[in-house]
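These notes are about the structure you will find just below.
Letters A, B, ... are given to chains in the order of the sequence lines, protein chains preceding strands, and every chain is numbered from 1. All values below come from the heavy atoms of this structure, side chains included, with hydrogens, waters and symmetry mates left out.
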Number of protein chains: 2
Amino acid sequence: MTSAVGEKSAKPKYLQIADDLEQDIRTGVLAPAADVPSETTLMDRYKVSSGTVRKAIAELRALGLVETHHGKGSTVKSRPPVTRKSSDRFRRSHRKAGKAAYLAETEQAGVKADVRVLSVGPVAAPAEIAKRLAVKEGAKVLARRRLYFSDGTPTEEATSYLPWDVARDIPELFEHNPGGGGIYARLEEHGRELAEFTETVRARLATKQEVSALSLSPGSPVIHLTRNAVTTEGRVVEVCDTVMAADQFVLDYRIPATD
Amino acid sequence: MTSAVGEKSAKPKYLQIADDLEQDIRTGVLAPAADVPSETTLMDRYKVSSGTVRKAIAELRALGLVETHHGKGSTVKSRPPVTRKSSDRFRRSHRKAGKAAYLAETEQAGVKADVRVLSVGPVAAPAEIAKRLAVKEGAKVLARRRLYFSDGTPTEEATSYLPWDVARDIPELFEHNPGGGGIYARLEEHGRELAEFTETVRARLATKQEVSALSLSPGSPVIHLTRNAVTTEGRVVEVCDTVMAADQFVLDYRIPATD
DNA sequence: CAGTGGTCTAGACCACAGT
DNA sequence: CTGTGGTCTAGACCACTGC
């Protein structure tokens with residue numbers, strides 16, 4: 001008897017089934033990308049009703065171990081290598097060499113990176129962005145929305161906001177491809193010397209829009225990163241709002257031990 | 001008719017009910033800490049069966065809007081102010097003033113902070129910790145496990161690991177209370193001058209152990225932060241492994257624009 | 001004790017995928 | 001078309017809370 005479930009145990013059946021399947025996944029009996037047994041198969045195997053099997057599968061989905069597709073079934077998630085955002089990715093020397101930040105890092109991680117620019121144009125500044133840029137809420141700012149891919153799967157959605165008076169004078173910023181070194185290189189070429197960046201990191205569950213944009217499963221966590229680019233004059237000339245699939249990224253920071 | 005659900009709409013009933021309740025929460029009809037209507041009440045109100053109501057409530061739980069307690073019911077989550085880990089929390093001047101890092105920051109956020117030291121003593125170094133400390137896996141290291149509370153609710157579990165030869169000479173590190181300024185102050189008093197910290201940030205869903213330790217709901221996201229403390233000689237004298245409830249923390253970092 | 005949520009059943013019907 | 005998952009019902013019984 002391979003499946004002894006429900007024998008006056010403390011654990012509910014659906015958790016026992018989920019744990020069984022989790023074992024199979026972790027030990028490799030169910031390899032990445034393999035099909036999880038269908039609901040009817042599991043109903044037979046464990047002598048339970050559909051609702052119980054469905055709850056077990058839902059548990060695995062919540063753990064991020066499987067993904068389910070209507071009409072096809074559930075498959076074990078593959079664990080793609082994580083990209084690493086080192087905190088030296090904004091080195092001026094990288095920009096001078098014509099590399100944008102995202103390329104400087106994904107390249108050394110051995111991942112095929114890809115960007116699709118979704119939109120470029122004026123928008124009304126949302127509240128938090130306006131505050132960071134020190135403009136009025138709803139003021140006209142330039143927004144550049146883009147979607148990043150690692151090895152073909154979307155992993156990150158980012159929107160850069162620039163004050164209109166800054167962006168106005170830099171025609172490349174209105175192009176889909178802002179040129180080598182990215183928008184930071186263009187800003188520095190036009191007299192906006194960058195002194196520092198500040199990043200704010202939050203983690204939360206993905207919204208419905210993010211689930212579809214990044215093709216996540218509902219209930220997946222995301223990292224929400226908001227970055228200010230500050231010039232030597234102390235002006236914030238760009239705010240970049242980024243949402244990343246949490247399982248794809250590890251963020252690294254260095255903090256000097258100042259007095 | 002206040003509750004028009006199920007009228008050949010695209011949306012499943014359980015989502016319509018969840019959306020209804022979400023509106024009530026966001027508009028304040030259901031205030032924080034207020035009781036969500038009981039399942040039987042909702043079954044009556046919407047003329048649906050128990051399973052459908054339960055799925056709606058589960059949806060709200062997944063969104064982090066309510067929490068459910070067996071035998072009592074569901075209540076709207078209060079949104080406690082987020083603590084903010086500014087990257088200047090390791091300033092030597094704070095240590096000299098006798099403040100530990102966690103106090104230096106929570107104090108200025110107006111939150112009642114609390115620590116409980118769970119254990120202090122030698123352990124065998126886990127793989128990743130050993131690598132960071134440059135010792136052999138399984139080597140004896142000093143571990144200090146502690147649990148942090150904000151306004152009475154547990155929000156963060158942290159374990160510090162120190163190489164045995166470093167910890168050995170500092171008796172305060174074996175006490176539950178390491179004294180003013182925390183363990184970093186003690187390290188510096190004993191000739192380990194700290195030059196920098198490096199932090200690695202990940203986000204993921206909470207494990208079962210973390211769910212119970214931090215009293216989260218299953219499927220809640222956590223921030224997993226691992227910090228190295230590096231001396232001027234380049235030695236890593238402490239690794240701190242921290243798991244935080246994601247909705248309680250915002251991490252702030254400054255990155256100078258180096259060449 | 002009554003009222004709450006937690007688990008589970010044995011079906012039904014619908015929507016989607018692939019043959 | 002068959003097989004898959006997605007929604008839903010109308011109950012049952014159990015476990016926890018608080019009076």
*5'-most contact on DNA chain C: Ser50(A) or Leu15(A), nearest heavy atom basis?*
Leu15(A)

*At the 4.0 Å heavy-atom cut-off to chain A, mark where contacts on DNA chain D begin and end, going 5' to 3'.*
dG3(D) to dT7(D)

_Side-chain ion pair, Glu59(B) and Lys55(B), N-O less than 4.0 Å_ = no

*Step-by-step side chain to side chain contact (heavy atoms under 4.5 Å, CB included) determination, Phe249(B) to Glu156(B)*: CA-CA 9 Å; Phe249(B) 291 93; Glu156(B) 178 181 351; 3.4 Å; yes

*Answer with base, sugar-phosphate or nothing: what part of the nucleic acid does Thr40(B) contact at a heavy-atom distance below 4.0 Å?*
sugar-phosphate

*Which base sits across from dT19(C) as a Watson-Crick or G-U pair, both distances under 3.5 Å?*
none

*Does the side chain to side chain donor-acceptor pair (under 3.5 Å) test come out yes or no for Glu199(A) and Tyr253(A), once each step is laid out?*
CA-CA 10 Å; Glu199(A) 295 199 338; Tyr253(A) 294 99; 2.4 Å; yes

*asked:* When you compare the side chains of Thr75(A) and Asp35(A), does any donor N or O come within less than 3.5 Å of an acceptor on the partner?
replied: no

*More 5' along DNA chain D: Ser74(A) or Lys47(B), using each one's nearest nucleotide?*
Ser74(A)

*Any Met244(A) side-chain heavy atom under 4.5 Å of Thr155(A) side chain*: no

*asked:* Tell me the interatomic distance from Asp35(B), atom CG, to dG3(C), atom P, rounded to whole angstroms.
replied: 16 Å

*Tell me which of Val53(A) and Lys72(A) sits closer to the 5' end of DNA chain C, going by the nucleotide each one is nearest to.*
Val53(A)

_Any non-hydrogen side-chain atom of Leu214(B) less than 4.5 Å from a side-chain atom of Leu147(B)?_
yes

